[in-house]
K.L.:
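Here it is, the structure, as structure tokens.
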Amino acid sequence: MIQRLPPPTQKSDKEETGPTEGESWTTRLRVLTDAGRHGEALALLRRMFRHPNPPPDASTLPAALLAAAALSLPSAAAQLHSRAISSGSLAHPFVLTALLSSYSRLSLLPLSRRLFADVSPSAPAATLVVAFNALISGHARHSLPSGALALFRGMRRSALPFNAVTLLALLPSCAHSAVPPLHACAIRVALTGEPSVANCLLSAYARAGAVDLARQMFDEMPNPKQLISWNAMISGYAQNGLAPRVLDLYREMEQSGEVEPDPVTLVGVLASCAHLGADSVGRRIERYIAQNPAHGSNIYLKNALINLHARCGDLARAREIFDMMQKRSIFSWTAMIAGYGMHGHGVAALQLFERMRASGIRPDGVVMVSVLSACSHAGMTEEGLEYFSKMERLFGVVPGPEHYACMVDLLGRAGRLEQASDLIKSMPVEPDGAVWGALLGACKIHKNVELGELAFKHVVKLEPMNVGYYVLLSNVYSDAGRLDGVARIRSMMRRRGLRKDAGCSYMELEGSVHLFVADDHSHPQARRIYEMVVKLEALAKEACGVESKKDELRNEKGKILPVTGFHSEKLAVAFGLLNTEAGTEIVVIKNLRVCEDCHLFMKVVSNIANRKFVVRDASRFHHFEGGVCSCKDYW
DNA sequence: GTCCGTCTTG
């Protein structure tokens with residue numbers, strides 16, 4: 001039934017009118033709570049209690065309790081509780097479960113438990129099931145997943161039939177290992193056909209990292225699939241860092257023509273575009289959003305777009321979106337600050353951070369990571385140290401391992417290796433792989449074998465399968481001419497079945513992506529590209545007399561190893577020069593960090609060819625122009 | 001009329 005309601009107002013108690021002719025108090029109350037007008041609902045309730053004619057009965061209490069919980073008013077809930085006792089309606093299933101649920105929403109879980117304990121085991125099964133569901137959800141809400149599961153087991157011991165509501169309450173917060181058994185339960189009682197349950201299972205598998213099982217559930221869903229199912233699968237891939245699969249699935253969704261993407265879809269896809277540096281897909285989505293007025297003001301989308309442009313090299317566009325926002329969340333500020341940091345604009349990052357604080361937003365741990373890493377990339381060591389010391393004192397953010405990793409990086413880059421390792425020793429929390437990894441990285445820059453070995457010893461214990469650290473130490477050794485060390489790392493990697501990640505770079509040209517892998521000839525223009533690299537290298541050598549490094553590196557059998565191969569970024573830059581007009585900026589995205597040799601190459605070539613190269617590597621952006629890089633060789 | 005949720009950004 002559709003009720004005609006006056007628009008929401010901030011009416012005072014006295015102004016709140018009673019029900020109109022032919023409308024009961026209870027109906028009016030429910031209309032108000034359904035519309036989310038909980039304040040008015042409670043005002044009405046107060047009038048009901050003052051003029052109890054007809055007296056409020058059991059049918060009034062559930063809606064009233066809902067309103068009390070929504071307004072975070074424990075006292076109101078307690079009053080309603082005593083009303084229920086005095087009127088003898090506590091045993092009424094709807095009153096009981098509404099009360100259970102209200103207490104748990106009000107963070108008064110012990111009261112819910114006590115109520116639950118008083119429920120008679122001989123109550124009708126339907127009542128018991130709903131009471132169990134309410135208490136299970138209360139535990140799940142308070143991140144007590146094992147308590148929720150224990151209740152579920154109790155439910156089954158009592159031979160009570162669980163239902164979709166039970167599973168929907170359990171799945172979102174349950175432990176990874178609990179997902180398959182709950183799935184089995186769902187199958188046994190034929191609940192997997194229920195779309196909400198299937199979507200929930202899909203998300204639970206994805207959260208547990210079992211994306212292939214999630215995908216299997218997705219594929220088994222009947223067509224046309226719900227938008228929510230597409231979104232769950234897309235976000236599942238995105239949360240697991242599987243950006244290419246996100247883009248594949250998004251394309252499939254578009255081609256199916258079943259559903260239109262909504263902001264939830266687009267946010268997941270944009271995050272993956274940002275991750276990959278897939279500028280053209282991202283920009284296409286941006287145009288799509290611009291055409292949909294309903295999406296235009298969505299703050300999630302705006303934040304995702306800021307992140308996209310910052311990570312694809314267009315800081316100006318990111319800033320434009322940021323400046324035009326009417327409302328900004330901490331996500332907006334963080335994306336923008338991190339953007340400046342990645343591009344080496346430390347001063348701009350800090351200015352923005354101060355503006356954020358002035359606007360009344362309290363810094364959190366994530367924005368502090370962006371601030372510290374911005375200082376690190378810009379070589380603003382003293383500023384970084386100052387913000388780190390202010391973190392806890394002024395902002396109430398307790399430094400975690402991720403902040404220590406930033407500081408070790410900051411000090412390490414600046415050559416203050418001893419101070420960096422002292423900082424690690426002083427850590428009140430256990431250092432993680434990133435902390436030791438940052439020290440190892442600093443040892444690579446400053447060629448410190450001894451400390452590098454120490455850092456490596458710790459980091460392999462914590463992340464034995466992370467290839468990057470083996471490569472780093474191997475490079476430390478080879479820079480120091482310690483070929484025994486290089487050989488040792490290589491055999492260690494071989495024993496553990498680890499292979500060096502292939503370096504790959506890509507650039508977009510007229511909307512299509514061109515991928516380059518080191519020493520790979522599969523690109524249609526490979527011949528021309530390799531010739532171009534050789535030509536450019538010769539020119540570069542001529543221009544600054546630089547020789548490619550380390551010709552003398554040999555393997556265990558004494559055979560000379562070709563060290564300076566055709567790295568992917570050189571191929572990408574050569575391709576860019578061959579296929580774009582003079583003056584066009586060439587943007588390259590790379591998976592690993594740029595090596596010194598390629599960095600030098602690109603500096604020199606930017607001068608020779610009079611071109612601007614923008615290269616995003618695994619740690620930051622490099623803007624090459626006129627023979628210099630924006631990182632000031634500090635990366 | 002009570003229990004529940006699946007999808008969102010740094």
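Computed from heavy atoms alone, side chains included, the values below leave out hydrogens, waters and symmetry copies. Reminder, nothing fancy here: chain letters follow the sequence lines and each chain counts from 1.
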K.L.:
Do A:Phe132 and A:Phe152 have ring centres separated by under 6.0 Å?
P.N.:
no
K.L.:
Residues of residues 125-132 of chain A with any non-hydrogen atom less than 4.0 angstrom from an atom of DNA chain B: list those, numerically ordered, please.
P.N.:
A:Val130
K.L.:
Looking only at N and O atoms, is any donor in the side chain of A:Thr97 or the base of B:dT2 less than 3.5 Å from an acceptor on the other one?
P.N.:
yes
K.L.:
Which of these nucleotides, B:dT8, B:dG10, B:dC7, is closest to any side-chain atom of A:Val267?
P.N.:
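It is B:dT8.
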K.L.:
CG of A:Leu201 versus C1' of B:dC7: gap in Å, rounded?
P.N.:
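Nearest whole value for this atom pair: 15 Å.
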K.L.:
Taking the ring centre of each residue, are A:Tyr237 and A:Phe218 less than 6.0 Å apart?
P.N.:
no
K.L.:
If the condition is side chain to side chain contact (heavy atoms under 4.5 Å, CB included), which residues does A:Asn199 pass it with, not counting sequence neighbours?
P.N.:
A:Met221, A:Gln226, A:Ile228, A:Ser229
K.L.:
Using a 4.0 Å heavy-atom cut-off across all strands, classify A:Asp364 as base, sugar-phosphate, or nothing.
P.N.:
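Base, at least one base atom sits under 4.0 Å.
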K.L.:
Identify the residue among A:His377, A:His345, A:Arg319 that makes a side chain to side chain donor-acceptor pair (under 3.5 Å) with A:Tyr340.
P.N.:
A:Arg319
K.L.:
With a 6.0 Å cut-off on the ring centroids, do A:Phe353 and A:Trp333 count as close?
P.N.:
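Aromatic pair excluded; centres sit 6.0 Å or further apart.
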K.L.:
Atom NZ of A:Lys327 to atom C1' of B:dT8: distance rounded to whole Å?
P.N.:
18 Å
K.L.:
Measure from the side-chain heavy atoms of A:Arg207 and tell me the nearest of B:dG10, B:dC7, B:dT9.
P.N.:
B:dC7
K.L.:
Considering only heavy atoms, which members of residues 138-160 of chain A lie under 4.0 Å from some atom of DNA chain B?
P.N.:
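Close to the strand are A:Arg141.
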K.L.:
What are the two closest non-hydrogen atoms of A:Asn303 and A:Ala335, and how far apart are they?
P.N.:
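Of all heavy-atom pairs spanning A:Asn303 and A:Ala335, the closest is O-CB, 4.4 Å.
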K.L.:
Look at all strands and tell whether A:Pro93 reaches a base, only sugar-phosphate, or nothing, counting heavy atoms closer than 4.0 Å.
P.N.:
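Touches a base.
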K.L.:
Contact list please: residues 223-236 of chain A against DNA chain B, heavy atoms, distance less than 4.0 Å, in numerical order.
P.N.:
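Per residue number, the list reads A:Ile228, A:Asn231, A:Ala232, A:Ser235.
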K.L.:
For the CZ atom of A:Arg328 and the CD1 atom of A:Ile299, what is their distance to the nearest 0.5 Å?
P.N.:
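A:Arg328 atom CZ to A:Ile299 atom CD1 measures 9.5 Å (nearest 0.5 Å).
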K.L.:
Determine: side-chain N/O of A:Asn303 to OP1/OP2 of B:dG10, distance under 4.0 Å, yes or no.
P.N.:
no
K.L.:
With the threshold set at under 4.0 Å for non-hydrogen atoms, list the residues of residues 328-343 of chain A touching DNA chain B in residue-number order.
P.N.:
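Here the set is A:Ile330, A:Phe331, A:Thr334.
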K.L.:
Ignoring backbone atoms, test whether A:Ser101 places a side-chain nitrogen or oxygen under 4.0 Å from the OP1 or OP2 oxygen of B:dC3.
P.N.:
yes
K.L.:
Nearest of B:dG10, B:dC3, B:dC7 to any side-chain atom of A:Val366?
P.N.:
B:dG10
K.L.:
Any chance you could measure A:Ile306, atom CD1, to A:Glu320, atom CD, to the nearest 0.5 Å?
P.N.:
11.0 Å
K.L.:
Choosing from B:dG1, B:dC3, B:dT9, which nucleotide comes nearest the side chain of A:Phe94?
P.N.:
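Ranking B:dG1, B:dC3, B:dT9 by closest atom to the A:Phe94 side chain puts B:dG1 first.
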K.L.:
Can a cation-pi geometry be assigned to A:Arg156 and A:Phe162, taking NZ or CZ under 6.0 Å from the six-membered ring centre and within 45° of the ring axis?
P.N.:
no
K.L.:
Would A:His309 and A:Glu286 count as a side chain to side chain donor-acceptor pair (under 3.5 Å) here? Give the steps.
P.N.:
CA-CA 10 Å; A:His309 291 301; A:Glu286 188 173 27; 3.0 Å; yes
K.L.:
Within this structure, what is the CD1-to-C1' distance between A:Ile361 and B:dG10, rounded to whole angstrom?
P.N.:
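After rounding, the reported distance stands at 12 Å.
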K.L.:
Please state how far atom CG in A:Leu168 lies from atom P in B:dC7, giving the value in whole angstrom units.
P.N.:
11 Å
K.L.:
Salt-bridged, A:Asp279 to A:Arg317, with N to O below 4.0 Å?
P.N.:
no
K.L.:
Hey, does A:Gln239 reach any base, or is it just sugar-phosphate, or nothing, if we go heavy atoms under 4.0 Å?
P.N.:
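Sugar-phosphate contact only - A:Gln239 comes under 4.0 Å of backbone atoms but never of a base.
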K.L.:
Give the rounded distance in Å between these two atoms: CG of A:Asn163 and P of B:dT2.
P.N.:
14 Å
K.L.:
Could you grab the distance from atom CE of A:Met155 to atom CG of A:Asn163, nearest 0.5 Å is fine?
P.N.:
6.0 Å
K.L.:
If you apply the rule side chain to side chain donor-acceptor pair (under 3.5 Å), what do you find for A:Arg105 with A:Ser101, and how did you get there?
P.N.:
CA-CA 6 Å; A:Arg105 281 172 215 263; A:Ser101 158; 3.1 Å; yes
K.L.:
Does A:Ser203 make a side-chain N or O approach to OP1 or OP2 of B:dC7 shorter than 4.0 Å?
P.N.:
yes
K.L.:
Measure from CD1 on A:Ile299 to P on B:dT8 and round the result to the nearest Å.
P.N.:
17 Å
K.L.:
Between B:dT2, B:dC3, B:dC7, which nucleotide has the shortest distance from any of its atoms to the side chain of A:Pro62?
P.N.:
B:dT2
K.L.:
In whole angstrom, give the distance that lies between atom CG of A:Leu167 and atom P of B:dC3.
P.N.:
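After rounding, the gap between these two atoms is 17 Å.
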K.L.:
Could you give the CE-to-P distance, from A:Met356 to B:dG10, as a whole number of Å?
P.N.:
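Roughly 16 Å, once rounded to whole Å.
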K.L.:
Taking ring-ring contact (aromatic ring centres under 6.0 Å, His included) as the test, write out the residues that go with A:His92, two or more places apart.
P.N.:
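A:His92: ring-ring contact (aromatic ring centres under 6.0 Å, His included) contacts with A:Phe94.
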K.L.:
Under 4.0 Å, counting only non-hydrogen atoms across every strand here, what does A:Arg105 touch: a base, just sugar-phosphate, or nothing?
P.N.:
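It contacts sugar-phosphate atoms only.
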K.L.:
Can you see which heavy atom on A:Pro74 is nearest to which on A:Leu108, and at what distance?
P.N.:
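Closest heavy-atom pair between A:Pro74 and A:Leu108: CB-CD1, 4.0 Å.
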